[in-house]
There are 2 protein chains.
Amino acid sequence: MITKKTKYALKALSYLATRPAGELVLISELAKEESVPRKFLEAILVALRKGGVLKSKIGKGGGYMLALPADKISIGKIVSILEGGFALVECLNDNVKAVCDECGDPACCGTRLVMIDVKKAIDSVFEATSLADMVERSSAAQKLKQNVVDYCI
Amino acid sequence: MITKKTKYALKALSYLATRPAGELVLISELAKEESVPRKFLEAILVALRKGGVLKSKIGKGGGYMLALPADKISIGKIVSILEGGFALVECLNDNVKAVCDECGDPACCGTRLVMIDVKKAIDSVFEATSLADMVERSSAAQKLKQNVVDYCI
DNA sequence: TTATTACCTATAAATTCTATAGGCGATAAA
DNA sequence: TTTATCGCCTATAGAATTTATAGGTAATAA
């Protein structure tokens with residue numbers, strides 16, 4: 001299960017992706033438009049910046065913008081930054097050497113072996129899907145819905 | 001991320017899968033052999049029984065056994081019972097009508113649309129893998145390891 | 001110099017996960 | 001019928017994580 005952190009991040013990034021490239025957006029605007037607690041969002045944005053997904057500028061006229069084009073930012077990258085990876089067991093996440101307490105021997109752990117496959121499956125979707133894809137799919141769904149509504153009227 | 005509940009369940013079920021079919025195993029034996037807190041395991045086993053994966057017998061000579069052959073029990077089923085599903089967002093889990101607080105319209109939620117694909121990917125692995133597969137892979141890994149050790153000696 | 005804005009640290013509140021305790025009810029055997 | 005066994009149930013405590021807030025700091029532009 002992804003946490004609110006990640007959900008908020010995806011919302012904020014989606015918002016930024018719909019803005020003209022290079023435009024700086026205030027934290028307060030992001031928080032308001034996407035209904036995310038201001039201070040909580042702050043921490044999320046810092047993480048995304050440190051993760052290389054966002055750029056920021058301090059001071060008057062400052063704000064946040066995407067560090068890359070939206071089609072070069074994978075959903076997997078975003079999730080990784082905020083969740084510390086997306087494996088279903090800790091021992092398969094990046095930069096984790098530690099082994100589960102429950103696990104005698106990682107090499108023979110059945111759970112781990114299965115979760116390796118699961119991680120690969122998740123990974124392939126996450127890497128194949130960009131922020132741009134997500135935004136597009138969302139707006140396509142919205143458009144479709146409006147057409148249906150128009151048709152009904 | 002799966003919780004310890006699920007990890008413990010997989011360990012206990014693996015243990016049962018290696019026992020002769022129909023043999024009843026005590027909770028205390030499962031707890032001891034798989035190093036799971038006894039009382040915690042109890043609750044897990046009850047959930048698995050209610051989920052149709054285990055059968056139990058009360059009283060002297062009682063215990064637990066698999067309700068189905070191990071190759072008819074999918075990992076997905078087990079995870080579902082203990083985690084309430086394995087979608088990365090609540091709104092995609094079974095029996096959940098509620099929508100995320102963060103989500104205006106589920107039909108157009110970009111996050112949701114992406115997570116549908118992810119859920120499908122996870123599902124395909126989970127449904128394709130049985131408890132028997134997991135146990136076999138684990139013991140194959142163990143065997144391989146011992147051969148390597150033998151070779152070294 | 002001043003207003004603005006992101007950045008950082010600390011902490012509190014809420015929720016979920018993990019673990020334990022104790023007694024109840026069913027069962028088999030003596 | 002009694003007794004020891006064993007799973008079942010409820011309640012609760014402890015721990016960890018997630019979510020949210022507060023307040024001050026440092027950089028920037030006008």
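Naming: A, B, ... by sequence-line order, numbering from 1 per chain. Everything numeric here is computed off the predicted structure, so don't read it as measured data.
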From dA29(D), dT19(D), dT27(C), nucleotide with atom closest to Lys60(A) side chain: dA29(D)

Check every atom of dA20(D), dT27(C), dA27(D) against the side chain of Ile58(A) and return the nucleotide holding the closest atom. dA27(D)

I would like to know whether Glu102(B) and Lys11(A) meet salt bridge (Lys or Arg N to Asp or Glu O under 4.0 Å); could you show each step before the answer? CA-CA 9 Å; Glu102(B) 303 79 40; Lys11(A) 293 182 82 171; over 6 Å; no

Take the protein atom [atom1] of [X] and the nucleotide atom [atom2] of [N], then report the distance between them rounded to whole Å.
X         : N       : atom1 : atom2 : answer
Met65(B)  : dC6(D)  : CE    : P     : 17 Å
Lys4(A)   : dT21(D) : NZ    : C1'   : 15 Å
Asp101(A) : dC17(C) : CG    : C1'   : 14 Å
Ile2(B)   : dC17(C) : CD1   : C1'   : 14 Å

With the threshold set at 4.0 Å, does a side-chain nitrogen-carboxylate oxygen contact exist between Glu29(B) and Arg19(B)? yes

Is Lys143(B) salt-bridged to Glu136(B), going by a charged N under 4.0 Å from an acidic O? no

Can you confirm if the NZ or CZ of Lys119(B) lies within 45° of the ring axis of Phe86(B) and under 6.0 Å from the centre of its six-membered ring? yes

Using a 4.0 Å cut-off on heavy atoms, which residues in residues 14-24 of chain A reach DNA chain D? List them by number, or say none. none

In residues 27-55 of chain A, which ones come under 4.0 Å of DNA chain D, going by heavy atoms? Pro37(A), Lys39(A), Phe40(A)

Same apolar cluster (I L V M F W Y, side chains within < 4.5 Å links), Leu131(A)/Tyr15(A): yes

Polar pairs (N or O, both sides) under 3.5 Å between protein and nucleotides 12-14 of chain D?
none

Reckon [X] has a side-chain N or O less than 4.0 Å from the OP1 or OP2 of [N]?
X        : N       : result
Thr3(A)  : dT17(D) : no
Tyr8(A)  : dA20(D) : yes
Lys57(A) : dA29(D) : yes

Answer yes or no: does atom NZ of Lys7(B) have more than 12 heavy-atom neighbours from other residues, nucleotides or ligands under 6.0 Å? yes

Please check if the side chain of Thr6(B) supplies one atom and the backbone of Leu82(B) the other of a donor-acceptor pair under 3.5 Å. no

Among side-chain atoms of Thr3(B) and Glu83(B), is any donor-acceptor pair under 3.5 angstrom? yes

